[in-house]
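So that the names make sense, note that chain A is the first sequence line, chain B the second, and so on, each numbered from 1. On a predicted model such as this, the values are computed, not experimentally measured, just so you know.
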Protein chains: 2
Amino acid sequence: MSPDPHPDPIPGFRALADPTRRAILHLLTSESLTIAEVSRNFDMTRPAVKKHLAILADADLITVEPRGRERLNTLNLNGFQQVTDWLSYFDQFWDARLSDLKASLEKGSNP
Amino acid sequence: MSPDPHPDPIPGFRALADPTRRAILHLLTSESLTIAEVSRNFDMTRPAVKKHLAILADADLITVEPRGRERLNTLNLNGFQQVTDWLSYFDQFWDARLSDLKASLEKGSNP
DNA sequence: TTGACGTGATACCTTTTGGTATCATATCAA
DNA sequence: TTGATATGATACCAAAAGGTATCACGTCAA
C-alpha cells in the first residue's frame, strides 16, 4: 500500500502553479480571512476555493486556525523558503551571465 | 475561436511545478545539452522529455538552438525573472514577521 | 430549542497533464 | 547512396487537477 512513492520534495512549486492560488496568497497579505471570505473574492464555488486553500496549507504557504465555527486562513512565509532556496541556486549563473556580457562588451563583439 | 481566454501571465510557475523539469534545469546549469542527452538522464522516453523541454521553452526558462540535426537546449535565466519578481513582493512581510518576533522577544513573551 | 450559517466531506464530471508507442523526416557519415 | 541517428509529429492512454452539486455536522444567535 504505497500510493505515493515519490512525492514532490518541494510542494510549494505545485501550489504556486495555479494563478488562483497565487491570487489567494496576495489576498492574505493584507489580512487573515475565513474560507467564505476568500471565496467571495473569486468567481467559483466555496468547495473549489477550499481545495485551493488545502493545497496551500499542504505546501506550508498558509496556516489554518479554527476560530469558533470559522477557519481563519493566514499567510505562512515558511513555505516560501524552500521555493526561494531552490531558486537561489541559479543566482550564481546570473552573475556568470553578467560577467560574460561584460567580457563581450570589453571585447567589442555584439552580445 | 478563442480557446485560451486567460493564459497564466507567469507560465514559469507551472513549468517549475514538475520535479522532472526542475531537475532538467539543474542539469542545464553545467552545460547545454541536446534532447537525447537530456533524456539519458531520466527514466522516461525521449518524447516525454521533449514535452518537458517544450514547456520549459514556452516559459522562457530555456532556449533551443538548432545545431545541425540536433537541438541544443540552454538554460535561459530570463524566465526566472517573472517568478522571482512575483515572489519578491512577499519579502516585505518576511521583514514584518522578523519585526514582530523582535518585538515579542523584547516584550518577554513566548513567540 | 430552533434556525441560520460556516464548514467538512463526498461523489461526480471535464479538462489537463505526464507518459507511451509509433512513424515520418532530416542530417551526418561511411 | 545507404544506413544510422536525432528529432518532429501524432495518436492514444491513465491519472491528476480543477470544478460543481449536494448533504451532513457543528456552532452561534435569537
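Under the 4.5 Å side-chain criterion, counting only non-hydrogen atoms from C-beta, A:L72 is in contact with A:T34. Counting only heavy atoms from C-beta outward, the side chains of B:Q82 and B:P11 approach each other to under 4.5 Å. Looking at heavy atoms from C-beta onward, A:N73 lies in side-chain contact with A:V64 at the 4.5 angstrom threshold. Using a 4.5 Å heavy-atom threshold, the side chains of B:L87 and B:F13 count as touching.
Looking at which nucleotide of DNA chain D each of A:R67 and A:I55 is closest to, the 5′-most match is held by A:I55.
Proximity of a side-chain donor or acceptor of B:R14 to a complementary backbone N or O of A:P19 within less than 3.5 Å is not detected.
Per the geometry, CG belonging to B:D8 stands 14 Å off C1' belonging to D:dA17, to the nearest Å. The interatomic distance linking B:L53 (CG) with C:dG19 (C1') rounds to 15 Å, in whole Å. One can place NE2 of A:H52 at 18 Å from C1' of C:dG8, the figure rounded to the nearest angstrom. When the P atom of D:dA17 is taken as reference, atom CE of A:M44 falls 16 Å away, rounded to whole Å.
B:F93 meets the ring-ring contact (aromatic ring centres under 6.0 Å, His included) test with B:Y89; sequence neighbours excluded. Applying the salt bridge (charged side-chain N to carboxylate O under 4.0 Å, His left out) rule to B:R22 yields the partners A:D8; only residues at least two apart in sequence or on another chain are considered. The side-chain hydrogen bond (donor to acceptor under 3.5 Å, both in side chains) test applied to A:T63 returns no partner, not counting sequence neighbours. Take B:Q81 and apply the side-chain hydrogen bond (donor to acceptor under 3.5 Å, both in side chains) test, not counting sequence neighbours, and it matches B:D85.
Each salt bridge (Lys or Arg N to Asp or Glu O under 4.0 Å) pair with one or both residues in residues 56-73 of chain B, not counting sequence neighbours, appears once here: B:E65-B:R67. Among pairs with a residue in residues 38-61 of chain A, none fulfils ring-ring contact (aromatic ring centres under 6.0 Å, His included), at least two apart in sequence or across chains. Listed by first and then second residue, the salt bridge (Lys or Arg N to Asp or Glu O under 4.0 Å) pairs that reach into residues 36-48 of chain B come to none, sequence neighbours excluded.
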N/O to N/O distances under 3.5 Å, protein versus nucleotides 4-9 of chain D:
unit_1	atom_1	unit_2	atom_2	d
D:dT5	O2	B:R69	NH1	3.0
D:dT7	OP1	B:I35	N	3.2
D:dT7	OP1	B:R71	N	3.3
D:dT7	OP2	B:A36	N	2.8
D:dG8	OP1	B:R71	NE	2.7
D:dG8	OP1	B:R71	NH1	2.9
D:dG8	O6	B:R46	NH2	3.2
D:dA9	N7	B:K50	NZ	3.4

Review item, nucleotides 12-15 of chain D N/O atoms under 3.5 Å of protein N/O:
none

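Relative to the axis of its first five pairs, the axis of the last five pairs of the helix from C:dT1-D:dA30 to C:dA30-D:dT1 sits at 30°, rounded to 10 degrees.
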Name every donor-acceptor pair, under 3.5 Å, that has one atom in a side chain of residues 25-33 of chain A and the other anywhere in the protein, sequence neighbours excluded.
unit_1	atom_1	unit_2	atom_2	d
A:T29	OG1	A:H26	O	2.4
A:S30	OG	A:L27	O	2.9
A:S32	OG	A:T74	OG1	2.8

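Listed by residue number, the members of residues 10-32 of chain B with any heavy atom below 4.0 angstrom from DNA chain C are B:R14, B:D18, B:R21.
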